[in-house]
Amino acid sequence: MSHPDPSGAPVVDPAASAPLESLFASMALIRAFETRVAELYRDGEIPGFVHTSLGQEAVAAGVGLALRPDDYLATTHRGHGHCLAKGVDVDGMMAELFAKATGLCRGKGGSMHVADPRLGVLGANAIVGASMPLAVGAGLSSKLRRQDRVAVAFFGEGAVNQGMFHEAMNLAAIWDAPVVFVCENNVYAEFTDSRTMSRVPRVADRAAAYGIAASTVDGNDVEAVHAAAQEAVERCRVARGPFLLEAETYRSHGHYEGDAQPYKPAEESDAWGALDPLSIAEGRLLERGAGSAQRLAAVRSRARERVEAAVERARAAPPPAPEEAYEHVFHG
Amino acid sequence: MSHPDPSGAPVVDPAASAPLESLFASMALIRAFETRVAELYRDGEIPGFVHTSLGQEAVAAGVGLALRPDDYLATTHRGHGHCLAKGVDVDGMMAELFAKATGLCRGKGGSMHVADPRLGVLGANAIVGASMPLAVGAGLSSKLRRQDRVAVAFFGEGAVNQGMFHEAMNLAAIWDAPVVFVCENNVYAEFTDSRTMSRVPRVADRAAAYGIAASTVDGNDVEAVHAAAQEAVERCRVARGPFLLEAETYRSHGHYEGDAQPYKPAEESDAWGALDPLSIAEGRLLERGAGSAQRLAAVRSRARERVEAAVERARAAPPPAPEEAYEHVFHG
Amino acid sequence: MSSTAERAPRYIDAINQALAEAMAEDDTVVVIGIDVGAGEGIFRVTRGLFERFGPERVIDTPISEMGYVGAAVGAAMTGLRPIVEIMFMDFLGVCLDPIMNQAAKLPYMTAGALSVPIVFRTQTGAGRSAGAQHSQSLEAMLAHVPGLKVVMPATVTDAHDLLLAAVRDPDPVVYVENRRLYATRARLDRDPLPLGVARVAAVGEDVTVVTWGQSLRECLTAAEGGSPSLEVVDLRSLVPLDMETVLASVRKTGRLLVVHEAVQDFGAGAEIAARVADELFDDLRAPVRRLGAPAVPMPFSPDLERALLPSAVAIAAVAEKLTRES
Amino acid sequence: MSSTAERAPRYIDAINQALAEAMAEDDTVVVIGIDVGAGEGIFRVTRGLFERFGPERVIDTPISEMGYVGAAVGAAMTGLRPIVEIMFMDFLGVCLDPIMNQAAKLPYMTAGALSVPIVFRTQTGAGRSAGAQHSQSLEAMLAHVPGLKVVMPATVTDAHDLLLAAVRDPDPVVYVENRRLYATRARLDRDPLPLGVARVAAVGEDVTVVTWGQSLRECLTAAEGGSPSLEVVDLRSLVPLDMETVLASVRKTGRLLVVHEAVQDFGAGAEIAARVADELFDDLRAPVRRLGAPAVPMPFSPDLERALLPSAVAIAAVAEKLTRES
Ligand SMILES: Cc1ncc(C[n+]2csc(CCOP(=O)(O)OP(=O)(O)O)c2C)c(N)n1
Ligand SMILES: Cc1ncc(C[n+]2csc(CCOP(=O)(O)OP(=O)(O)O)c2C)c(N)n1
Ligand SMILES: [Mg+2]
Ligand SMILES: [Mg+2]
């Protein structure tokens with residue numbers, strides 16, 4: 001469902017869409033990363049809290065590949081996939097989760113705070129809703145500095161009930177800031193079915209309250225996500241203002257690793273399980289003759305190898321030196 | 001404009017509407033009170049900040065007379081009229097503004113914090129937006145305690161951009177709380193034309209984002225406000241859930257007393273000046289033969305006398321004893 | 001879990017039990033928060049309550065802290081006694097207003113006409129690699145706001161007793177759990193101390209150690225060494241602040257060390273230290289010392305984090321040094 | 001206003017001038033807040049800026065503090081240097097998160113990869129019957145958060161210099177004006193002190209009085225009495241905290257009184273008091289005292305309010321008492 005877009009016709013040439021192969025490879029990397037992280041967390045190798053994005057890979061990949069390296073991205077506690085899809089170094093991410101000195105944040109951030117400003121990644125964030133005002137600020141910055149960088153805020157459907165959503169959407173609207181709000185609607189916020197927390201089931205329907213154009217896309221169809229994201233990003237790029245993109249998907253693991261999920265009806269998880277975004281993409285690639293089952297398996301195993309190499313490097317890396325605990329509080 | 005109301009037909013018998021005479025008398029009292037307060041503030045008799053509701057009397061009177069004494073009311077920095085229309089004692093209010101021991105809050109609250117829990121008045125509030133969650137809580141309380149008390153939150157159109165609006169509306173919706181959100185759209189928030197702060201000019205249009213029924217009413221037509229308020233209040237009374245009522249009106253004085261208002265276009269104030277809510281009501285009463293010009297003038301002058309008596313009493317009243325500064329921090 | 005019947009309850013069980021008791025004794029008590037209902041709480045603190053008391057008394061909320069905490073304040077003003085949960089103390093960032101500007105001030109501003117009998121339940125605690133946004137102990141901020149009581153249970157008994165006392169209290173009370181204590185076990189004491197009274201947790205001679213919350217364990221461990229002999233005072237609440245017990249102890253020992261997990265700079269320990277240094281100026285045998293976390297955000301790395309938190313070893317060392325200074 | 005040319009500038013003019021200078025010297029500096037633009041600020045602090053620098057650099061916002069303060073933090077991370085206004089310090093209640101959990105922590109959490117060069121401009125000040133929700137001095141809360149610098153200009157010169165220093169600083173700085181100082185006049189000093197250095201505002205012998213913000217005036221008035229002879233130290237910033245200047249003064253006088261307008265309990269004065277009582281244990285001739293507002297919300301009544309705020313008379317009395325105690 002697409003809301004009427006006050007500013008007119010599509011801005012993206014469909015032929016410019018990233019090929020499905022790249023999207024699949026991106027998803028395979030995220031799948032491998034998250035799967036391995038879940039194991040490592042279970043085995044006590046990774047400390048702290050870990051929230052994986054298993055089942056939601058298509059959203060990260062579809063949006064990530066629609067972005068330029070200098071575009072901004074702010075995300076949530078469930079942000080591994082978004083960072084990887086934006087091109088953040090796998091070694092640096094894994095080492096960060098291991099709290100090693102070679103981590104992107106030298107072990108000070110961890111899973112909930114991975115960041116890489118060189119790639120515009122302003123960080124995962126452990127405050128639900130906080131990604132949105134930060135992205136509006138990045139978009140404002142881009143606009144006022146006469147750049148054409150776009151800012152993307154990822155957030156869950158649970159975050160939509162936060163005041164920050166409301167304030168950030170309205171600010172982006174009145175400032176005409178180049179911000180794409182990407183709501184990853186994975187049905188649950190922690191243990192709560194989010195449909196019980198609002199009378200308006202479709203997040204995209206809330207955008208009208210801000211005069212912001214919005215659409216809902218099948219979040220397990222990576223091509224659909226990518227096309228919608230590219231459209232939204234290019235609108236921003238050419239200064240047509242903010243956009244809200246809702247991607248309907250499903251969190252296949254628990255809220256955090258270790259969550260037994262008694263609250264999920266079995267039929268529901270089964271139904272969504274049949275809609276695995278990687279399988280869908282694979283099916284299409286095979287259908288189109290764009291790759292053999294073997295080649296696709298090879299993509300997946302290369303991803304696992306890449307991740308395993310990162311794990312080995314992270315394990316071997318030194319922890320931060322004790323005195324680093326006192327560094328970086330201030331720049332000046 | 002009325003949003004479709006999912007829960008059905010009107011619940012109010014139009015004959016039950018308060019007679020225009022009462023509404024006029026309530027407005028006359030507010031007009032007299034605010035006019036006098038503005039003078040007293042200018043003359044330095046009243047300390048602190050004062051925000052009058054001159055020009056907006058129809059909203060207060062129309063809503064106030066739709067409420068029972070045990071209904072709850074939470075309001076803003078511009079709350080004198082709402083309190084008076086709810087029946088709060090004029091002497092207690094005036095003395096409070098004078099910071100006297102006979103004031104409703106014994107001089108500790110002042111203009112921005114007048115309260116009278118005996119009449120369900122949970123207070124004016126100096127934090128923009130704060131009236132809304134408080135009213136939702138009062139409504140929840142009424143509902144859970146199996147009472148049929150209704151809670152009204154007054155707020156300005158500027159407060160609609162606060163996250164608290166968003167969160168409170170959604171909470172009221174999912175809790176089906178008996179809360180009437182009354183947005184007094186007086187065009188300005190401080191020095192800012194609020195139409196520049198949202199792409200959606202009509203506040204009532206934002207209610208759809210919460211699945212809440214809403215309507216916009218001419219806020220200078222006291223009968224229209226009253227009818228709409230009664231409808232909304234009765235919906236809540238019979239557990240049909242929250243309602244957002246937007247009353248379009250105009251702040252005829254500055255944001256605070258002393259504000260020179262360079263930002264208001266002269267044509268605009270002139271146009272609204274012609275729509276004075278008291279004159280409109282007077283015209284109608286005369287037209288309907290419901291009162292002579294003389295009798296209406298008498299209503300106004302009785303109001304002024306009532307206010308003047310309150311001023312005299314407030315002047316004569318003692319200030320709070322010094323030790324009271326240390327009292328009431330805790331109950332226990 | 002099968003041996004729970006025989007084993008002493010955990011801190012988390014004591015909270016759960018107090019919640020159930022409070023709800024059973026007064027049907028205006030309601031529990032409000034994110035996933036406190038059917039989900040039984042992110043740490044399972046509220047388990048069983050939803051089933052027992054139903055959705056009207058154990059109320060799940062959307063992720064709208066400013067809204068639902070504000071609504072809880074409004075409910076407290078109108079006949080309910082809400083226990084509202086702020087899942088992590090760090091989330092004060094998104095709901096300070098209803099606590100600081102509404103609940104704490106409305107009773108005073110209305111000269112007592114309104115009362116706000118509410119409990120803000122929250123939990124804190126570094127030491128779990130939860131990162132800088134999920135590890136802050138912010139009790140000093142709230143103790144600085146007139147109109148709020150602030151309690152910090154350090155023991156299983158207090159987890160229970162202080163919560164019940166907080167619910168029965170007519171004023172807004174911030175009740176701060178420490179998640180590192182959730183699994184600690186002990187039998188409940190029979191004679192509860194009232195809210196506002198500190199407790200001498202270990203009797204000693206040489207140095208008084210004042211603390212609260214999870215640091216109590218570290219202090220007691222430090223005291224086990226025996227030399228110097230530490231008198232450990234568990235403050236239990238910051239507001240009200242039981243200076244009598246503290247002063248009595250320091251009068252005896254002549255030395256004071258204040259320990260807390262929160263950042264030391266501008267922390268609550270400064271208030272205790274400043275008061276004692278003033279009131280016992282002539283009785284002190286050594287300077288009043290404080291031991292809190294250094295002024296850095298809490299790092300994710302477990303090693304770095306551990307190094308920053310006051311440990312029993314560090315406490316013993318500072319105490320020992322104090323005895324040598326006089 | 002016609003004689004402005006000849007008269008020394010007011011504190012408010014100094015802020016305005018510093019804003020204009022900061023914007024002129026660096027075109028990434030932007031001013032963001034409610035009514036800071038065409039409206040020129042609710043206290044007229046930003047007058048002329050909108051006209052001179054236009055709507056892209058002097059940015060009006062809706063009443064959405066959490067959103068626009070958060071956006072300012074995001075802008076600071078991406079190449080702008082925002083000066084974002086929180087109209088009253090009390091409104092921290094609705095925008096603490098972007099300050100405490102974002103700006104203060106992101107540089108550390110990213111090991112310095114991100115920087116957040118932002119100024120949070122706000123104002124405080126009781127004494128104007130603004131009521132309990134518009135009168136709080138909350139600097140202690142922010143000074144307790146690692147990663148924030150906190151400056152409190154007490155003079156016309158500092159209103160100017162500290163603001164410029166704050167804008168040029170690579171870190172998040174909270175800059176707190178006091179509205180009771182807006183109309184005070186003085187010529188700007190030529191040699192600005194850097195951010196982080198305290199200033200001896202009056203030289204004296206008997207008692208050191210440490211203060212900041214508007215209380216400086218009261219302290220200086222108290223010092224005019226001459227007996228006891230007060231050495232008044234204007235701290236200028238709480239973070240960084242220039243203990244050297246404080247300690248040097250107290251070493252000389254042997255006595256310390258800390259004065260602030262904020263609530264005394266768990267206030268910033270406790271930190272100064274605790275540090276001095278510790279570090280100068282052997283040098284103090286009398287206990288360290290504090291004088292702040294009592295632990296009550298600020299009442300509306302001007303009489304009650306006045307009675308609660310530290311006055312020159314009260315300061316002189318406590319100082320005098322201190323000299324008698326040793
Ligand atoms: C302000 C705030 N409130 C609550 C939490 C606790 N919390 C962490 S994740 C989460 C659920 C978020 O749900 P959603 O936005 O749908 O994201 P998802 O986890 O599904 O990706 C909650 C409540 C938090 N981190 N921050
Ligand atoms: C949280 C907060 N932000 C800002 C202010 C300052 N302020 C007081 S009234 C006001 C304008 C309110 O506008 P509106 O909601 O339209 O109400 P009106 O004054 O028109 O009645 C502002 C910004 C405040 N009191 N609280
Ligand atoms: Mg979700
Ligand atoms: Mg308005």
Side-chain angles (χ1 to χ4, degrees), chain B residues 46-50 77 96-101 103 105-114 124-130 155-166 188-194 196-198 255-256 259 261-263 319-330, chain D residues 33-44 46-47 50 55 59-70 86-88 90-95 97-98 126-136 179 263 265 293-309:
Chain B
I46 289 177
F49 294 114
V50 160
H77 57 287
E96 186 56 31
L97 271 58
F98 272 81
K100 293 301 180 74
C105 305
R106 302 194 61 80
K108 281 172 161 170
S111 165
M112 291 205 289
H113 302 291
V114 181
N125 211 301
I127 302 297
V128 168
F155 53 99
E157 82 296 338
V160 170
N161 296 320
Q162 263 284 355
M164 282 187 268
F165 168 81
H166 180 70
Y188 289 91
E190 287 186 358
F191 314 152
T192 294
D193 183 331
S194 295
T196 64
M197 289 295 154
S198 163
H255 168 60
Y256 47 74
D259 171 8
Q261 310 188 74
Y263 48 85
E323 60 272 20
E324 290 198 44
Y326 297 87
E327 292 167 8
H328 306 300
V329 180
F330 291 117
Chain D
I34 299 171
D35 277 322
V36 295
E40 307 202 313
I42 191 87
F43 296 108
R44 308 213 65 228
T46 53
R47 73 192 176 291
F50 183 80
I59 304 169
D60 276 321
T61 69
I63 310 172
S64 307
E65 282 88 352
M66 197 77 85
Y68 78 73
V69 175
I86 297 148
M87 195 186 291
F88 282 72
D90 314 70
F91 305 166
L92 282 178
V94 294
C95 60
D97 192 75
R128 288 270 188 267
S129 282
Q133 293 174 340
H134 276 61
S135 300
Q136 296 167 91
R179 69 181 167 282
V263 165
D265 284 5
V296 307
M298 210 36 80
F300 167 66
S301 152
D303 296 338
L304 298 187
E305 187 178 34
R306 206 168 10 250
L308 297 176
L309 292 172

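Everything quoted here is computed from the prediction, not taken from an experiment.
Considering only heavy-atom pairs separated by less than 4.5 Å from chain D, the leading option among B/Gly109, B/Ala321, B/Ala130 is B/Gly109. Among the candidates B/Asn161, B/Val329, B/Thr196, B/Val128, the residue making the largest number of heavy-atom pairs closer than 4.5 Å to chain D is B/Asn161. Counting heavy-atom pairs closer than 4.5 Å to chain D, the top-ranked of the candidates B/Arg106, B/Lys108, B/Met164 is B/Lys108. Most heavy-atom pairs under 4.5 Å with chain B: of the set D/Val94, D/Leu308, D/Ile42, this distinction falls to D/Ile42. Interface summary for chain D: among B/Pro320, B/Pro322, B/Pro319, the most heavy-atom pairs under 4.5 angstrom belong to B/Pro320. Here D/Ala130 is the residue among D/Ala307, D/Gly37, D/Ala130 with the most heavy-atom pairs under 4.5 Å with chain B. Between chain D and the options B/Glu323, B/Glu190, B/Glu96, the largest number of non-hydrogen pairs under 4.5 Å is found for B/Glu190.
What you find for B/Ile127 and D/Gln133 is that their closest heavy atoms are N-OE1, 3.6 Å. Pairing each heavy atom of B/Tyr326 with each of D/Val296, the nearest pair is CA-CG1, 4.2 Å. Annotation for D/Ile63 and B/Ala159: closest pair CD1-N, 4.4 Å, computed over non-hydrogen atoms. Minimum interatomic distance between D/Ser301 and B/Ala99 (heavy atoms only, all atoms of both residues): CA-CB, 3.7 Å.
A distance of 7.0 Å separates CG of D/Leu304 from CD of B/Glu324, quoted to the nearest 0.5 Å. Expressed to the nearest 0.5 Å, how far CE of B/Met112 lies from NE2 of D/His134 amounts to 4.5 Å.
Neither the backbone nor the side chain of B/Tyr263 has a heavy atom closer than 4.5 Å to any heavy atom of chain D. Within the 4.5 angstrom heavy-atom criterion, no atom of B/His328 approaches chain D. When heavy atoms are compared at a cutoff of 4.5 Å, B/Ile46 does not approach chain D at all. Using a 4.5 Å cut-off between heavy atoms, D/Ala295 touches chain B through its backbone atoms (N, CA, C, O) alone. Interface remark: B/Tyr256 contributes side-chain atoms only to the contact with chain D (heavy atom separation under 4.5 Å). Heavy-atom distances place no part of B/Asp259 under 4.5 Å from chain D, backbone and side chain included.
Evaluation of the side-chain hydrogen bond (donor to acceptor under 3.5 Å, both in side chains) test over residues 60-69 of chain D, restricted to residues two or more places apart or in two chains, returns B/Gln162-D/Glu65.
No side-chain heavy atom of D/Phe300 sits less than 4.5 Å from a side-chain heavy atom of B/Ser111.
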